[in-house]
Amino acid sequence: MAEQQTDARRKAIAALIRDVPDFPTPGIVFKDITPLLADAARFADVIELMAAPWRGERIAQVVGVESRGFILGAPMALALGAGFVPVRKPGKLPSRTSRLEYALEYGTDSLEIHQDACEQGARVLVIDDVLATGGTAQATCALVEGIGADVVGCGFLMVLDFLPGRQRMGGRRIESVLSF
Ligand code: AMP
């Protein structure tokens, strides 16, 4: 795809991401992707642009993080000819799970994965909408590796570059459509 055309698509996508100040707490500017998801052509562009860097990487499974990671991760899996694996908030997955607790700015949060979700050594791509501080993505990678799969990289719709997410992810491959 021509570079100019890709830039135009990125701009059209960015124009449909709504900044909501002070949500969910004062001082946070929430990146609301619902206007983008509601637009058929732009939603399709997002999935194509997010999938492009990983074509040829023989991704066996896409791991999506609850809940916007499900919305982007499932069509990504189909685009890459891969399976889909959900990583969920505690108590939602019905079978045997692995759980990981990770630190937030204030307090902690936890995520779970089914222990048998991936084959040993499976090539896995982790998907979420936003990379902010990196805590969620880092915990997800640790969960996936904890059940024996191999994290090839992480894909996001957007990276918030004023936060230390990228640095926190160390040497992992990170791809995103947009940066703010
Ligand atoms: P973090 O663990 O700090 O990288 O935060 C990433 C998770 O929180 C992702 O699942 C995002 O959906 C969500 N998130 C963090 N910051 C924002 C934001 N400014 N707007 C929308 N979602 C966010």
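Every heavy atom of this structure was used, including side-chain atoms; hydrogens, water molecules and symmetry mates were not. Each ligand, and each atom within it, is numbered from 1 in the order the structure gives. We're numbering straight along the sequence, starting at 1.
The closest approach between a heavy atom of A137 and any atom of ligand 1 is not below 4.0 Å.
Put simply, the side chain of M50 reaches to within 4.5 Å of the side chain of L72, judged on heavy atoms.
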CA sep, side-chain torsions, deciding dist, call: L125, V63, side chain to side chain contact (heavy atoms under 4.5 Å, CB included): CA-CA 6 Å; L125 169 63; V63 169; over 6 Å; no
Chi angles and distances behind the side chain to side chain contact (heavy atoms under 4.5 Å, CB included) call for I33, V46: CA-CA 11 Å; I33 64 167; V46 164; over 6 Å; no
Audit row: V126, V151, side chain to side chain contact (heavy atoms under 4.5 Å, CB included) steps and yes/no: CA-CA 7 Å; V126 171; V151 176; 4.3 Å; yes
Side chain to side chain contact (heavy atoms under 4.5 Å, CB included) evaluation trace for D150 with Q120: CA-CA 8 Å; D150 179 18; Q120 297 300 298; over 6 Å; no
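The contact set between ligand 1 and D128, taken as ligand atoms under 4.0 Å from a residue heavy atom, comprises 9 (C), 10 (O). Here is the list of ligand 1 atoms found below 4.0 Å of a heavy atom in L160: 19 (N).
Put simply, CE on M169 and CD1 on I174 are 4.5 Å apart, with the number rounded to the nearest 0.5 Å. Note that the CD1 atom of I17 and the CE atom of M158 stand 4.0 Å from one another [nearest 0.5 Å].
Using a 4.0 Å cut-off between charged side-chain N and carboxylate O, R68 and D128 make no salt bridge. Between E112 and R88, none of the side-chain N atoms (NZ, or NE/NH1/NH2) sits under 4.0 Å from a carboxylate O, so this pair counts as no salt bridge.
Residue nearest to atom 2 (O) of ligand 1, selected from V20, L157, I33, T136: T136 (by heavy-atom distance).
With respect to atom 17 (C) of ligand 1, the closest heavy atom belonging to the protein is V130 CG1, 4.1 Å. Closest to atom 11 (C) of ligand 1 among all protein heavy atoms lies D129 OD1, 3.4 Å. Among all non-hydrogen protein atoms, the one lying nearest atom 16 (N) of ligand 1 is A132 CB, 3.7 Å. The protein non-hydrogen atom at the shortest distance from atom 20 (N) of ligand 1 is K31 N, 2.9 Å. Scanning all protein heavy atoms for the shortest distance to atom 4 (O) of ligand 1 gives G134 N, 2.7 Å. The closest protein non-hydrogen atom to atom 13 (C) of ligand 1 is R68 NH2, 3.8 Å.
Residue F30 has no nitrogen or oxygen atom sitting less than 3.5 Å from a nitrogen or oxygen atom of ligand 1, judged on distance alone. Inclusion of E66 in the set of residues having an N or O under 3.5 Å from an N or O of ligand 1 is not warranted.
At a 4.0 Å heavy-atom cut-off, ligand 1 touches V29 through the backbone alone. By the criterion of a heavy-atom distance under 4.0 Å, both the backbone and the side chain of T133 are placed next to ligand 1.
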